[in-house]
Each structure stands twice: as structure tokens, then as C-alpha cells.
K.L.:
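Quick one: this structure, given as C-alpha cells, is what I'll be asking you about.
One-based numbering, in listed order, for ligands and for the atoms of each.
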Amino acid sequence: MMPAARERLHSWFYRPWFLAMLATALSATLLTVGSLFVAMNQVEHNESQEMNAQGERFLVRLEQLFGQLRESLDDLQAQPLRGCDDEMIATLQQVSFNYRFVYEAAYMDTSRTCSNRPRQEGVSLIRPPDIKGPTYSYWLNTTTEPDENRAALMLGRGNFRVATSRGHLTDMVDLSPGSSLLVVLDQGTRAIPVLGVAQAWPPAEPWPPKSRDALQVTHTRLIYRMPTNTPEYQLVLITPRTGMHVPAVWWWLLPASLALSACVGILVFLLVRQRQSLDAELQGAIRRGELQVLYQPIFDLDSRNCVGAEALLRWRRPDGTLTSPDLFIPMAENTGQIRQMTDFVLQRLLEQLGQLLRSNPQLYISVNLAACDVMVPRIGQVMARLLSVHRVAARQIAFEVTERGLVDVVVARENLQALRDVGHQVLIDDFGTGYCSLAYLQTLPVDCLKIDKAFIDALGHDAASSGVAPHIIRMAQALQLKVIAEGIEHEAQAVFLSSEGVKFGQGWLFAHALSAVQFIELITRGRRLSTRRLDDEA
Ligand code: C2E
Ligand code: MG
Ligand code: MG
């Protein structure tokens with residue numbers, strides 16, 4: 001039941017439509033959520049900036065207003081008249097005429113009160129001032145009635161009072177709905193609303209806030225503290241946040257995101273289809289016999305005798321083009337077709353070279369294994385059957401595994417040990433390109449290291465990394481492992497490696513990968529190869 005379910009799931013994942021839809025849904029979610037996030041952030045940012053600008057504008061206007069009120073009081077205080085005669089009324093009228101923000105000016109003493117607007121109740125208010133400074137007294141929010149002409153702010157000096165009207169205030173500071181302007185007194189413990197709705201005080205904990213920024217952003221509100229010229233009071237502007245709803249730009253981003261996700265879906269669909277067709281092509285290649293096995297001879301570096309060969313796959317398409325194993329092997333590893341290929345290499349190698357191996361018992365062929373070949377004991381069984389059919393000794397077949405192929409060391413070690421137990425050799429291919437350490441290497445059942453071509457290339461060219469090959473060689477010698485140098489292209493490299501104690505090498509200096517016929521010829525003629533190199537059959 002379980003494997004069946006897994007198989008079903010697996011098959012779903014190979015359906016282009018399913019994968020495309022999955023990719024579309026995923027990217028659509030990601031893009032819409034992402035764009036929403038970005039848009040909201042943008043709105044929040046704009047909102048803060050706007051508030052900052054508004055706050056600054058506000059402060060300038062308020063200072064201007066307070067300044068005018070103070071100035072008008074100074075004028076009144078400076079002129080000699082006291083009392084409530086006609087001349088005083090005229091003076092008061094003159095003051096409110098001179099100063100735009102003075103709506104009402106009044107004189108009051110214990111017995112009389114007179115103002116430029118005799119029939120109004122505005123300044124008749126008798127209550128202690130909200131702020132009592134050394135020169136001026138302030139009354140804030142003298143009325144809560146929504147009357148445009150009622151005073152919102154009143155300043156006093158001596159017997160004089162000047163007030164601005166609510167209308168003046170609202171007209172110069174346009175408050176958005178739900179906002180309030182507060183005057184904060186007594187080191188922030190008390191706040192009197194001057195304009196707008198009443199607010200719970202303090203608006204945020206702790207108050208005053210630790211940060212010195214003028215703008216404080218909470219979950220629901222923007223709080224703008226204005227530094228004033230007077231230490232007795234502070235002005236605070238509180239506005240509910242508008243950025244909590246979905247911003248308008250997002251409705252433009254949404255269709256764009258959806259279109260983009262659709263594109264992703266189509267792309268995935270095409271890619272999966274293309275991959276599937278490559279899969280199918282590879283399958284066909286095996287069936288139609290487009291795969292070939294070539295043999296790259298391995299030489300004794302001292303005697304320059306051929307001691308064996310590495311089996312290398314080639315995919316020759318019907319049109320004659322060659323596809324590199326570096327391209328199709330990784331793909332076959334992904335689809336699992338690599339098992340079939342490994343079997344094919346083993347079978348073809350014994351068919352082509354069985355006779356040669358039987359008559360040259362010292363000769364060996366090494367075969368590249370993929371990671372998945374190492375993870376199951378299957379190879380050992382396939383090999384055993386083929387060896388008995390072709391009557392070839394196990395010691396004549398070696399296996400190359402890469403460091404990459406040793407993902408699960410425990411399982412790999414067990415399978416490799418099993419191969420060695422029946423007589424096969426185990427080689428680590430491309431050594432130095434992975435992460436195998438000396439300590440790790442000691443725990444692996446391995447006979448030989450193949451030094452990657454990259455390190456051989458570096459010999460003599462690149463002083464910095466040319467030290468790697470000698471290091472690997474010494475490491476292998478310490479562990480009593482054989483060493484094969486890969487990709488030798490120059491005589492100087494062969495000479496150097498030989499002097500470092502490397503016994504075996506393979507590379508274009510000696511021979512390219514050969515067809516079976518060419519390889520058999522090379523061995524049977526017993527030709528000693530000096531520097532002359534055989535040409536690739538391809
Ligand atoms: P590899 O096992 O490290 O094989 C050595 C590669 O280096 C081969 O490339 C060989 O042709 C190339 N080479 C050898 N001497 C020289 C030289 O002097 N100069 C240069 N430039 N190159 C040299 P190839 O045949 O293209 O194989 C590439 C890789 O594909 C192999 O690397 C191996 O990892 C993989 N591969 C090839 N055949 C098989 C196979 O049958 N099974 C598996 N699992 N992998 C294979
Ligand atoms: Mg190899
Ligand atoms: Mg290699």
C-alpha cells in the first residue's frame with residue numbers, strides 16, 4: 001500500500017500540468033503577499049513622512065499664532081489706558097484689527113470687563129489659567145462647543161486677555177478626521193485637547209517616549225510631538241493611521257503578480273515537458289543502442305605499459321553528434337535511468353573485453369558508479385552474474401565512486417566493503433574536489449585515489465594550488481593507497497608525478513578514450529607507448 005501511494009505521488013510529480021499549477025499557485029501566493037507587504041510598507045512610509053511634514057507646518061503656524069497673541073498683549077500692556085471707557089474699547093478693537101489671529105481682546109479688573117465684542121461671552125470665563133508662566137497665562141480649550149467663533153485659546157497678561165477663535169485655529173491647521181491637537185502640561189502628565197476629539201492620555205506607554213524622534217508610530221496611531229520654544233508646554237498631534245487598509249496601488253500590483261505567476265507556471269510546464277522529452281530520448285538511446293562504451297587506457301608511469309582502462313560512456317545521436325556524459329549522466333542520475341546505464345556498461349564491457357581480460361589476467365577495467373549504485377547492493381549481484389557468465393575474475397573489475405556518491409557513508413561503506421570482499425577494487429574518483437578528509441578516508445574501504453584533473457592541470461602553472469597534488473599524494477601514501485593521476489596532458493606532468501611516487505596515470509598524453517577494437521589492439525600488440533599518443537576513436 002505504502003509503496004503504491006508513493007509511486008502515485010511520484011507519478012503526479014512528473015506531470016507537467018500538475019507541477020505547472022503548483023508552481024503558479026505558489027508563486028501567485030508569494031507574489032501577492034509580497035507585493036501587498038511592499039505596498040503596505042510604502043503606504044506606511046508615506047504616511048509617516050506626511051505626518052512629519054504636517055507636524056512641522058503645524059508647529060510653524062502655532063508658534064506664529066502664539067507669537068501674535070503675545071505681541072498683542074505686549075502692545076496692550078504697554079499703552080497707558082486702564083479701565084473700560086470708550087477709548088479702551090477702541091484700543092481693543094484696534095488690536096484685533098492689527099493682529100489677524102486675535103479674535104477677541106478684552107480688559108478686565110475686579111469690577112469691570114470690556115471687550116471689542118461686547119455682546120459675546122467668550123472671555124468672561126473666570127477660571128485659573130491652565131498654564132501660568134512668568135509673563136503670560138494661558139487658557140486652553142476654553143469651550144468645547146462646536147462654535148466657530150468661540151475661543152479655543154486665550155492668553156492673558158496683567159488685566160488684558162486676547163483670544164483666538166476656533167475658526168482661526170481650524171482654518172490654519174487642517175486636522176484630518178479623528179485627529180486631535182493636544183497641549184501637554186506638567187512634564188507630560190496632563191494633556192488638554194485644543195482641537196479635535198478627546199484622547200486617552202498618555203497615548204502610548206511609556207510617556208514621554210524614550211526615543212527622541214518627533215514621530216512615534218504605534219499600531220493604530222501616529223503621535224507627533226512638537227518641541228516648542230516654551231518649556232512649560234508641549235504640543236502633541238495624534239492621528240489615527242490610514243495605512244491599515246489595502247493600499248490602492250496594490251490593486252494594480254495584483255493583476256501583475258497573477259500574470260507573472262502564470263508565466264512561471266508556463267515556464268515550469270515547458271521545462272518539465274522538455275525534461276520529460278530528454279528522459280524519453282535517453283530511454284530511446286539505450287534501446288536503440290546509441291550509447292557506446294569507450295576505454296581510456298591507464299598506464300604505469302615508469303614503464304609506460306598499459307595496466308588497464310576506465311570505461312567511459314558516450315551518447316552518439318543518430319545525426320552523429322556526441323552528447324557529453326557530463327550532461328546526460330547527471331540527468332540519468334535524477335531520473336534513475338543511471339541504473340540501466342551502469343548495467344549496460346558492465347554488460348557491454350564484458351561482451352567486448354571478456355576475451356581480452358581472460359587472456360590478460362593482470363589487466364583491469366574500472367567502471368564509474370553513480371551515487372545510487374553505491375546505495376544498494378544491486379551492483380554486486382549484477383556483476384557476479386556477468387563475471388560467472390564471462391568467466392572473468394572479480395579483481396579485473398574496479399569501481400570508481402566520487403566523494404559526492406558517499407552521501408550516506410554507513411550504507412555506502414557496507415556496499416563497497418561487499419564489493420571488495422569478492423575481490424573488486426574500489427577507487428575514489430575526482431579526489432580532492434569533495435570534502436573527504438584524511439580521517440574520513442581512513443574509515444572507507446578503498447584501494448586507490450584518483451587525483452582530479454584540476455590538480456594535475458595546476459602542476460607547474462599555478463603555484464598556489466600546485467601544492468595540492470603533492471599533498472594528496474602524501475596523504476594517499478600515508479594511508480597506503482594507490483594513486484592514479486587523471487588528465488595528464490604534458491610529459492612534464494608525468495615526469496613530476498612519477499618523481500613524487502605516483503605509479504599510475506591516465507590522460508591525453510598517453511591516449512584518448514578508445515573504442516573496444518582500438519583498446520584490444522593496443523593490448524594485444526603489447527605496444528609500449530612512449531610519448532606517442534593514440535587518437536580518440538571519436
Ligand atoms: P571521470 O570519471 O573523472 O572521467 C574522466 C574524464 O576526464 C573523462 O571525460 C575523460 O575523457 C576525461 N579525460 C581523461 N584524460 C583527459 C585529459 O588528458 N584531458 C582532458 N581534458 N580530459 C581528460 P568524459 O568521458 O567526458 O566523462 C566525464 C565524466 O562523466 C566522468 O568523469 C564520469 O564522472 C562520468 N561518466 C562517464 N562515463 C560514465 C559511466 O559509465 N557511468 C557513470 N556513472 N559516470 C560516467
Ligand atoms: Mg572516473
Ligand atoms: Mg575523474
K.L.:
Any protein heavy atom at under 4.0 Å, with atom 12 (C) of ligand 1 as the reference point?
P.N.:
no
K.L.:
Would you indicate which of H490, Q493, E489, R348 comes nearest to atom 19 (N) of ligand 1 when only heavy atoms are counted?
P.N.:
E489
K.L.:
Using a heavy-atom cut-off of under 4.0 Å, does the side chain or the backbone of D430 touch ligand 1, or both, or neither?
P.N.:
side chain
K.L.:
Which angle, to the nearest 10 degrees, do you find at the Mg ion (ligand 2) between OE2 in E310 and OD1 in N368?
P.N.:
90°
K.L.:
Among all protein heavy atoms, pick out the one at the shortest distance from atom 15 (N) of ligand 1; state its residue, atom name and that distance to 0.1 Å.
P.N.:
Q296 NE2, 3.0 Å
K.L.:
Would you say atom 4 (O) of ligand 1 touches the protein, meaning some protein heavy atom is under 4.0 Å from it?
P.N.:
yes
K.L.:
I329 near ligand 1, heavy-atom distance under 4.0 Å?
P.N.:
yes
K.L.:
Please work out which of D452, D373, N368 has its closest non-hydrogen atom nearest to atom 42 (N) of ligand 1.
P.N.:
N368
K.L.:
Please list the nearest protein heavy atom to atom 38 (N) of ligand 1 with its residue and the distance rounded to 0.1 Å.
P.N.:
L313 N, 3.1 Å
K.L.:
Quick one: look at K453 and ligand 1, take heavy-atom pairs under 4.0 Å, and tell me if it's side chain, backbone, both or neither.
P.N.:
side chain
K.L.:
Where do I456 and Q493 come nearest, in terms of heavy atoms and distance?
P.N.:
O-NE2, 3.1 Å
K.L.:
Got more than 12 heavy atoms from elsewhere within 6.0 Å of CZ, R317?
P.N.:
yes
K.L.:
Do protein heavy atoms approach atom 45 (N) of ligand 1 to less than 4.0 Å?
P.N.:
yes
K.L.:
So is there a nitrogen or oxygen of Q506 less than 3.5 Å from a nitrogen or oxygen in ligand 1?
P.N.:
no
K.L.:
Which heavy atom of K453 sits nearest to which heavy atom of G487, and what is that distance?
P.N.:
CG-CA, 3.9 Å
K.L.:
Can you tell me how the ring of H424 sits relative to the ring of F399, calling it parallel under 30°, perpendicular over 60° and tilted otherwise?
P.N.:
perpendicular
K.L.:
For ligand 1, which atoms, with element, lie under 4.0 Å from some heavy atom of D429?
P.N.:
1 (P), 2 (O), 3 (O)
K.L.:
Which bit of M341 is near ligand 1, meaning a heavy atom under 4.0 Å away: side chain, backbone, both or neither?
P.N.:
neither
K.L.:
Regarding ligand 1, does E333 bring an N or O atom to under 3.5 Å of one of the ligand's N or O atoms?
P.N.:
no
K.L.:
I need the nearest protein heavy-atom contact for atom 31 (C) of ligand 1: residue, atom name and distance, please.
P.N.:
L312 CD2, 4.4 Å
K.L.:
Would you give the angle at the Mg ion (ligand 3) between D429 atom OD1 and D430 atom OD1, to the nearest 10°?
P.N.:
90°
K.L.:
Among Q296, Q396, E310, E400, find the residue that satisfies the side-chain hydrogen bond (donor to acceptor under 3.5 Å, both in side chains) test when tested with S366.
P.N.:
E400
K.L.:
Have a look at ligand 1 and work out which part of K450, if any, has a heavy atom under 4.0 Å from it: side chain, backbone, both or neither.
P.N.:
neither
K.L.:
Specify the protein heavy atom at minimum distance from atom 16 (C) of ligand 1: its residue, its atom name, and the distance to 0.1 Å.
P.N.:
W508 NE1, 3.3 Å
K.L.:
Would you mind finding which of A371, A370, S324, P325 brings a heavy atom closest to atom 27 (O) of ligand 1?
P.N.:
P325
